[in-house]
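Written out below as structure tokens is the structure these notes cover.
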Amino acid sequence: ELTIDDALGEEGTLTLTGEADAEAADAIVQAAGSAADEAGADVDNQLVVSTPPPPQDLPDSLNEILRAQPILFAVASAEILPESQPIIDEVAQILNDNPDGSLLVEGHTDSDGDDGLNLQLSQARADSVRTALIAQNVAADRLTAIGRGESELILVDGEEDKDASRRIEFKLP
């Protein structure tokens with residue numbers, strides 16, 4: 001509830017500071033307009049709502065979870081295997097608990113097969129993860145899916161770790 005004191009006068013300025021999501025900001029603007037109307041004041045609504053970026057450690061936290069329990073796909077497919085649903089649920093919950101900012105969902109493959117097909121597969125897998133997270137109420141405009149193909153392989157002692165190379169990662173845009 002917002003009230004404007006009559007002592008504010010004709011030239012008074014009311015400044016509100018703090019954090020609010022877009023829905024709360026709209027409610028504040030409406031409440032300020034209603035309160036000003038009741039007080040007989042003219043209102044120049046100048047409200048700026050900015051969304052802070054996600055915490056810098058959010059992508060790292062998500063990637064740590066995915067390293068411990070990667071999202072699994074059907075062979076040569078973007079179909080997420082049913083046994084990976086709990087990890088999708090966990091990642092979605094963390095994203096919903098931290099609703100600010102945008103993230104990249106990156107798909108990666110190993111070096112087996114054609115480079116072009118690997119790039120397409122990695123994009124399709126990133127898209128599948130994005131879609132699965134949106135289905136868990138993560139805001140679609142927060143997530144951008146991108147396929148990296150085999151461009152960022154995981155090497156161990158100079159040799160490719162194929163299992164580790166096939167992965168989903170989260171990064172800040």
Side-chain angles (χ1 to χ4, degrees), residues 17-29 47-173:
T17 58
E19 295 182 14
D21 61 20
E23 186 177 333
D26 289 341
I28 291 167
V29 169
L47 181 64
V48 176
V49 178
S50 61
T51 303
Q56 292 293 321
D57 61 346
L58 182 60
D60 292 338
S61 298
L62 294 172
N63 292 331
E64 187 175 315
I65 291 166
L66 294 178
R67 279 190 294 276
Q69 185 177 0
I71 296 171
L72 302 175
F73 298 91
V75 176
S77 169
E79 178 190 346
I80 298 171
L81 295 178
E83 58 263 31
S84 289
Q85 190 58 50
I87 195 71
I88 293 288
D89 294 344
E90 181 179 358
V91 168
Q93 184 63 53
I94 291 168
L95 290 172
N96 286 328
D97 288 345
N98 295 277
D100 297 325
S102 300
L103 291 169
L104 294 176
V105 180
E106 290 188 343
H108 299 270
T109 64
D110 61 25
S111 62
D112 289 347
D114 179 78
D115 292 357
L117 292 176
N118 281 340
L119 185 59
Q120 289 174 0
L121 179 60
S122 67
Q123 180 66 53
R125 287 179 171 179
D127 288 337
S128 289
V129 170
R130 179 179 181 272
T131 299
L133 293 171
I134 292 168
Q136 296 290 331
N137 298 316
V138 176
D141 62 351
R142 292 186 61 201
L143 302 172
T144 302
I146 188 163
R148 301 285 187 205
E150 56 189 72
S151 65
E152 299 176 20
L153 301 174
I154 303 292
L155 302 177
V156 177
D157 296 328
E159 297 291 322
E160 179 186 1
D161 182 335
K162 292 189 184 290
D163 288 337
S165 291
R166 294 185 295 265
R167 67 196 185 280
I168 293 292
E169 289 185 334
F170 290 90
K171 293 189 179 169
L172 294 174

field: Verdict with reasoning, R142 to L133, per side chain to side chain contact (heavy atoms under 4.5 Å, CB included)
entry: CA-CA 10 Å; R142 292 186 61 201; L133 293 171; over 6 Å; no
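- Residues D60 and E64 are not in side-chain contact: their nearest non-hydrogen atoms beyond the backbone lie 4.5 Å or more apart.
- For the side chain to side chain contact (heavy atoms under 4.5 Å, CB included) with E169, the qualifying choice from L104, L66, N63 is N63, the only one to do so.
- A pairwise comparison of heavy atoms in A126 and G107 identifies CB-N, 3.7 Å as the closest pair.
- In this structure, the separation between CD1 on I154 and CD on E160 is 9.0 Å, given to the nearest 0.5 Å.
- The minimum heavy-atom distance linking P99 with N96 is given by the pair CD-O, 3.8 Å.
- A donor-acceptor contact shorter than 3.5 Å is absent between the side chain of R125 and the backbone of R167.
- Of all non-hydrogen atoms in I80 and A132, the two that sit nearest each other are CD1-CB, 4.0 Å.
- Without hydrogens or angle criteria, D157 side chain to E159 main chain gives no donor-acceptor distance under 3.5 Å.
- Here the straight-line distance linking atom CG of N137 with atom CD of Q93 works out to 10.0 Å at 0.5 Å rounding.
- For the pair F170 and V91, the minimum side-chain heavy-atom distance is below 4.5 Å.
- At a threshold of 4.5 Å between non-hydrogen side-chain atoms, the residues L62 and L95 count as touching.
- A heavy-atom distance below 4.5 Å is not found between the side chains of S102 and T144.
- Residues Q136 and Q85 meet the side-chain proximity criterion, which asks for heavy atoms closer than 4.5 Å.
- Of all heavy-atom pairs between E83 and Q69, the closest is O-NE2, 4.5 Å.
- G149 approaches S122 most closely through the heavy-atom pair N-OG, 2.8 Å.
- Counting all heavy atoms, side chain and backbone alike, A145 lies closest to D127 at CB-OD1, 3.2 Å.
- From S84, atom OG reaches atom CD1 of I71 across 6.5 Å, with rounding to the nearest 0.5 Å.
- Between the side chain of N118 and the backbone N or O of D112 there is at least one donor-acceptor pair closer than 3.5 Å.
- Rounded to the nearest 0.5 angstrom, T109 OG1 and D114 CG are separated by 10.5 Å.
- Between the CD1 atom in I168 and the CD atom in E106 there is a gap of 9.0 Å [rounded to 0.5 Å].
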field: Residues Q123, L119; criterion side chain to side chain contact (heavy atoms under 4.5 Å, CB included); working and verdict
entry: CA-CA 6 Å; Q123 180 66 53; L119 185 59; 6.0 Å; no
message: Is there a side chain to side chain contact (heavy atoms under 4.5 Å, CB included) between L172 and L58? Walk through the geometry before answering.
response: CA-CA 9 Å; L172 294 174; L58 182 60; over 6 Å; no
query: Can you list the steps and then say if E90 with I94 is a side chain to side chain contact (heavy atoms under 4.5 Å, CB included)?
result: CA-CA 6 Å; E90 181 179 358; I94 291 168; 4.2 Å; yes
